[in-house]
Amino acid sequence: MTSNDSASLTITPPVVLPTVTIAATDGSAAESPLDTGTFTITRTGPTTASLIVTVAYGGSAANGTDYQSLATSVTLAAGQAATTLTVTPIDDAFVEGGETVVATLQSDAAYTLGTGSSATVTIADDDLRPSVTVTAEDADAGEAGPNIGVFRITRSGGGGSN
């Protein structure tokens with residue numbers, strides 16, 4: 001018998017990454033009267049350490065132009081399971097119709113993306129499209145003579161430049 005008859009073994013538990021998701025918990029926003037929209041980022045699994053989650057924005061609305069700038073990363077503090085991002089529309093004078101803000105979670109080695117890694121908030125536009133009408137002020141015109149026809153073209157609404 002030798003002195004090396006015993007051995008020790010250490011079992012390391014597998015690393016469990018948190019799973020993150022995003023949802024539009026208030027998917028409707030408006031320029032005027034001002035109404036904000038909300039994205040909620042949630043993590044499940046371990047919350048013992050802080051976690052930085054990266055977000056990209058797309059859609060037809062521009063970050064910092066059509067709504068106040070949103071950060072491209074958010075930090076969930078240790079013990080925190082969820083945080084929110086508020087979409088605050090910027091009221092402009094452009095006729096745009098409804099615009100969308102699409103927030104998409106980006107992959108990272110620190111977490112796993114769950115089902116629901118993208119969500120949409122829709123911003124309602126308060127600017128009206130112009131209305132154009134054509135009316136005949138003098139519909140009685142003649143080929144021979146000084147009597148000419150007169151049409152009036154009228155635009156109303158939509159004071160923006162679009």
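Computed over heavy atoms, backbone and side chain alike; hydrogens, waters and symmetry mates excluded. Just so you know, these numbers come straight off a predicted model, no measurement behind them. Position 1 is the first residue of the sequence, and the numbers go up from there.
- Residues Phe39 and Val101 meet the side-chain proximity criterion, which asks for heavy atoms closer than 4.5 Å.
- Contact of the Ile41 side chain with the Thr21 side chain is not registered, since no non-hydrogen atoms from C-beta on lie closer than 4.5 Å.
- Proximity of Pro18 to Leu51: side-chain heavy atoms (C-beta onward) are separated by under 4.5 Å at one or more points.
- Scanning all heavy atoms of the two residues, the minimum distance from Gly37 to Ala29 falls at N-CB, 3.6 Å.
- Here Leu17 contributes atom CG and Asp108 contributes atom CG; the two are 9.5 Å apart, rounded to the nearest 0.5 Å.
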message = Would Val55 and Gln106 count as a side chain to side chain contact (heavy atoms under 4.5 Å, CB included) here? Give the steps.
response = CA-CA 6 Å; Val55 185; Gln106 302 299 290; 6.0 Å; no
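- Residues forming a side-chain hydrogen bond (donor to acceptor under 3.5 Å, both in side chains) with Thr104 (at least two apart in sequence, or on another chain): Ser118.
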task = List the steps, then state whether side chain to side chain contact (heavy atoms under 4.5 Å, CB included) holds for Thr19 with Tyr111.
result = CA-CA 6 Å; Thr19 299; Tyr111 52 82; over 6 Å; no
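- Within 6.0 Å of CG on Leu34 lie more than 12 heavy atoms contributed by other residues, nucleotides or ligands.
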Show me the side-chain donor-acceptor pairs of residues 70-84 shorter than 3.5 Å, one per line, residues at least two apart or across chains.
residue	atom	partner	partner atom	Å
Gln80	OE1	Ala77	N	2.8
Gln80	NE2	Ala82	O	3.0

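- Contact check for Glu31 versus Ile90: no side-chain heavy atoms found under the 4.5 Å cut-off.
- The side chain to side chain donor-acceptor pair (under 3.5 Å) contacts involving residues 37-46 comprise Thr25-Thr40, where partners must be two or more places apart or lie in separate chains.
- Of all heavy-atom pairs between Ser69 and Gly64, the closest is OG-CA, 3.5 Å.
- Looking only at side-chain heavy atoms (C-beta outward), Thr122 and Ser28 stay at 4.5 Å or farther from each other.
- When hydrophobic clusters are built by joining Ile, Leu, Val, Met, Phe, Trp and Tyr residues whose side-chain heavy atoms come closer than 4.5 Å, directly or via intermediates, Val102 is not grouped with Val87.
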Residue pair Val20, Thr112: steps toward the side chain to side chain contact (heavy atoms under 4.5 Å, CB included) verdict = CA-CA 6 Å; Val20 294; Thr112 302; over 6 Å; no
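- Nearest approach of Pro89 to Ala30, heavy atoms of both residues: CG-O, 3.4 Å.
- In this structure, CG in Asp35 is found 10.5 Å from CD1 in Ile123, a value given to the nearest 0.5 Å.
- The backbone N or O of Thr100 sits less than 3.5 Å from a side-chain atom of Ser60, completing a donor-acceptor pair.
- With hydrogens and angles disregarded, no donor-acceptor distance shorter than 3.5 Å links the side chain of Asp125 to the backbone of Gly98.
- Atom-to-atom distance recorded for Glu99:CD and Asp66:CG is 4.0 Å, nearest 0.5 angstrom.
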